[in-house]
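What follows is a short report on a single structure.
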Amino acid sequence: MSAAPHPRELLLIGGGGEMTLSVDVAVQALEQARARGLRTHVTNRADTLAATPAVTAAADTATAVDFARPGDTADWAAGRATDGERPALVFGVREMAQEAVAATAQALELPGNPPAAVRRIRTKDACRAALAAAGFRQPAVRVCRDASEARAFLAATAGPWVVKPRDGADSAGVRKVTGPDDLPAALAQLPDREAPFLVEEFVDGREFSVEGVFVGGSPRVLAVTAKEKLPPPYFVEIGHVLPADLPEETRRSVEETVTAALTALELCFGLFHVELWLTAEGIVLGEVHVRIGGGWIHRMLPHVRPGLELYGTVYDDALGLPVDLPTALPAPERAAAARYFAPPEGRVTAVSGWDAVRRHPAVLHAELRVGPGDVVPGFRSGGDRVGAVVVGAATPAEARELARELVASVRFTVEPVDAVDTGDDVPEVRVDLEPRPLTSSFRISHMTIETVDHLRLRLLQGGRTVGEGEITADSGYGQDGPAIAAEAEALARTLAAARDDSHHGADGADPVAPLRAALEKAAADGVGAPARMLVEMAFLDRAARRAGVPVWRLLGLPEPGRVRLLHTVPIGEDIPLDGRPLKIKLGGADDEQILRSLLGVPAPLILDANRGWDRQDWERLRPLLAELAPAVLEDPVRDPALLPAIRAALPGTAVVLDEGIATAGDAAFAVGTAGGLNVKLMRFGGILPALDALTDATEKGAARMLGCFLEPPRAIAYAAQLAGLCDWSDLDGHFWVSDDRPVPSYGLDSDAPGIPRIAYTPEPARREVAAI
């Protein structure tokens, strides 16, 4: 009696990943195979097989084979075929397994994509080159091996740019870059810092993806999906809407472009997910995948196209069974949307509203993987997602709104995780950015400032803040808030991971030395000054809190007294006559008129021309300036060769340089040529390098001014700890940023350890603290 015929087998290479979505995709693929009478065999790494019991339970057989070695997988499958266990179909649902799927299908002479074509699309720069050669719009891209190659690419192309792994998923390590100063932070976030990486031009446009299946070797588009992402520097998807609400002509153009691109890339089997942007110049293609898209699209597609079986369609086509799928499908008649939860960071103590969401009749799928007692991380990549809601509705707009409403209806109560900062544990780093309007417009010679980006960096020990820095950034000064945030976060994580031996060292050791050395190295490595200042603030704040002293005492500075402020007068505003020192902004066409209006003003004058004068301007204004005899003349001319003549013509005036004074070398130049300098911590990179510059200027008898940009009160108080070393303090920038009422002077309240606070009382209360 002959043995019963062995049922045909599906070999699912790579199984499912450990994320819930990946498990769900794999289980669906196995179930649709079983429904067709196929025996199923799953391969995966041994540890992932053990971590995904739902996948192995849905399969008939499972074997530990590492899909990351495509040749080994193909050899293993060929060996089975020799022994009579030849699959009828080879398939995979995971991105990282597609090369092994293609190699195995080729080895067994089964339907599949050419291995070279799969390698091409998985090597992102090669895919871009192939698409560009075929005539499709592509951003410029370069494979880089180090920061110097990346900087060269930035110098040769128009920004902004995106740094990303050459091969990756879930947006991990993908960061926006606006200039060379952003590179260190972006490179620090790459998953493999030793591997080559990509830098490509940032595409400004709405982002979509196209989902489809190959039938008879030809692509059939099932739907176009609209994507919603977190703002840069991160590119994590937070929601999808399917189908995208596009004009019919645009939808057809997108579909035609994608199908032509897939054909040009020699792809012909399985599912596809192609990303693209709609820009002012037209369609720009992004990454190409031979798998279904993430974000629960595999649940959304069958809803908008009832009766569709994604994986079953692939199986039927590969097995020669009829597939009822027109070449050109009409637009779906209903819609679906997915939305991810993004609760605040911390330990969850309560969740409300979840049961109502799960019971909602429009919900196609809902999951929440955190509850009371769980700690919620930040939302930086796809791996940080803690749950999602997928809904169906009549129209894309209704689906999008319903998904948002349901996610928003779930309330998370979160508390800081209790911890004690002993210095032994690595603190968590969190950077927040928020655009803020100024309390009033601020006009200088070349621009008017209306808003700034507020950046806050916190060091958290189990959710409790143990160190904090705070600055603002203004693009008019070339300060890119998102880029600074990314750079500061990367530097802070590096410093946080390094052991702080100053906390455990011998008596008499400099408690700031390790931080100083690390920040000097960061400066040498090209980390920008604003990011260094933000990080320095947080770590000095932490060190001072540990020591139980204010930062100024930790650094051995004299106790700050009252900070007597200049009265900054932006261009165009009335000149106050209250006797306070006036800092007058100049450098425009009305300078002569402004100077004449100051004749007879009894207050000391600080005139800031912002390098607005040339030789002709100086000669024209020189008699007026000699008559006014200002106390300080700041950055008067563009040409430093004029400075000796200016100093000779105004012997009682301190001439100081400001613009471009950002390093020890710049400070020495200012002292040597002008006899004075204006130190701004945002330019120098913090209090430590600024202190060095001021100390050297003091030793040489130079004029010293302490300045600022438009900064928050915490940053101003941080800088004010140096006021006792300066002749003039121009530290009123917070009056435009905060609701603090302008005053002629203030003190620092050092009652609590760490960075002092601004105190507006005549004499802020202080307690005695022991010197260290």
Side-chain angles (χ1 to χ4, degrees), residues 9-36 38-70 72-73 76-77 87 89-105 112 118 122 167-172 211 213 237 240 269-273 289-302 309-315 318 338 340 364-369 381-388 390:
E9 180 185 82
L10 165 71
L11 178 60
L12 186 69
I13 294 176
E18 296 182 31
M19 292 180 63
T20 307
L21 185 149
S22 185
V23 169
D24 196 62
V25 168
V27 169
Q28 276 198 7
L30 292 167
E31 288 175 343
Q32 290 177 23
R34 185 181 295 276
R36 284 159 173 76
L38 293 169
R39 184 177 183 274
T40 55
H41 191 142
V42 169
T43 69
N44 207 336
R45 294 185 173 116
D47 56 345
T48 312
L49 284 174
T52 54
V55 177
T56 54
D60 294 301
T61 311
T63 303
V65 182
D66 189 354
F67 58 82
R69 302 171 65 89
D72 290 355
T73 301
W76 170 83
L89 177 62
V90 177
F91 189 58
V93 296
R94 299 178 67 188
E95 173 70 25
M96 300 300 182
Q98 295 306 322
E99 289 190 55
V101 171
T104 304
V118 175
R122 295 213 63 250
D167 178 14
D170 283 335
S171 299
E211 330 304 335
V213 60
E237 293 169 1
H240 299 89
F269 176 78
L271 299 165
F272 61 83
H273 170 73
H289 307 275
V290 282
R291 56 159 173 84
I292 192 61
W296 300 96
I297 289 174
H298 73 288
R299 291 267 186 171
M300 298 161 68
L301 270 171
E309 288 190 325
L310 285 169
Y311 317 105
T313 301
V314 176
Y315 306 155
Y340 288 102
L364 306 175
H365 174 80
E367 64 162 338
L368 183 61
R369 300 195 302 274
S381 72
D384 294 325
R385 294 165 176 156
V386 299
V390 185

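The figures here come from the full heavy-atom set of this structure, side chains too, leaving out hydrogens, waters and symmetry mates.
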>> I want to check something: taking the side chain as every heavy atom from C-beta on, are Met300 and His365 in contact at a cut-off of under 4.5 Å?
In response: no
>> For a quick test of reading the model, state the closest non-hydrogen atom pair linking Gly17 to Thr48 and the distance between them.
In response: CA-CG2, 4.4 Å
> Name the one of Leu12, Leu11, Leu10 that satisfies side-chain contact (heavy atoms from CB on, under 4.5 Å) with Val42?
Replying inline: Leu12
>> Are Arg39 and Thr61 packed together at the side-chain level, in the sense that at least one heavy-atom pair is separated by less than 4.5 angstrom?
In response: yes
> Who passes ring pair (Phe, Tyr, Trp, His ring centres under 6.0 Å) against Phe67, sequence neighbours left out?
Replying inline: none
> Where do Pro53 and Ala50 come nearest, in terms of heavy atoms and distance?
Replying inline: CD-O, 3.9 Å
> Rounded to the nearest 0.5 Å, how far does OH of Tyr311 lie from CG of Leu89?
Replying inline: 14.0 Å
> Got Val101 and Val290 here, is their nearest side-chain heavy-atom distance under 4.5 Å?
Replying inline: no
> What distance do His289 atom NE2 and Glu211 atom CD have between them, rounded to the nearest 0.5 Å?
Replying inline: 10.0 Å
>> Quick check: closest heavy atoms across Gly295 and His240, and the distance to 0.1 Å?
In response: CA-CE1, 3.6 Å
> For the residue pair Gly15 and Val93, what are the closest heavy atoms and their distance?
Replying inline: O-CG2, 3.4 Å
> Trp76 and Thr63: side-chain contact (heavy atoms from CB on, under 4.5 Å), yes or no, with the steps?
Replying inline: CA-CA 10 Å; Trp76 170 83; Thr63 303; 3.8 Å; yes
>> Does any part of the side chain of His273, heavy atoms only, come nearer than 4.5 Å to the side chain of Arg291, both counted from C-beta?
In response: yes
> What are the two closest non-hydrogen atoms of Trp296 and Ala388, and how far apart are they?
Replying inline: NE1-CB, 3.8 Å
> How many angstroms lie between CD1 in Ile13 and CD in Gln98, if you round to the nearest 0.5 Å?
Replying inline: 9.0 Å
>> The test is side-chain contact (heavy atoms from CB on, under 4.5 Å); show your working for His298 and Leu21 and say whether it passes.
In response: CA-CA 9 Å; His298 73 288; Leu21 185 149; 4.2 Å; yes
>> Test: salt bridge (Lys or Arg N to Asp or Glu O under 4.0 Å). Region: residues 14-33. Which pairs qualify, not counting sequence neighbours?
In response: Asp24-Arg299
> With a 4.5 Å heavy-atom cut-off, do Phe269 and Val314 have their side chains touching?
Replying inline: yes
> If you round to the nearest 0.5 Å, how far is CD1 of Ile297 from CG of Leu271?
Replying inline: 11.5 Å
>> To the closest 0.5 Å, what do you measure between CG (Leu310) and CD1 (Ile292)?
In response: 5.0 Å
>> Using 0.5 Å steps for rounding, measure from the CG atom of Leu38 to the CD atom of Glu9.
In response: 9.0 Å
>> Tell me whether Asn44 contacts the main-chain N or O of Gly16 through its side chain, where contact means a donor paired with an acceptor under 3.5 Å.
In response: yes
> Applying salt bridge (Lys or Arg N to Asp or Glu O under 4.0 Å), which residue pairs with at least one partner in residues 53-62 are found, sequence neighbours left out?
Replying inline: Arg34-Asp60
> Considering only heavy atoms from C-beta outward, does the side chain of Asp66 approach that of Asp72 to under 4.5 Å?
Replying inline: no
>> Using side-chain contact (heavy atoms from CB on, under 4.5 Å), reason through Glu309 and Gln28 one step at a time and then give a plain yes or no.
In response: CA-CA 9 Å; Glu309 288 190 325; Gln28 276 198 7; over 6 Å; no
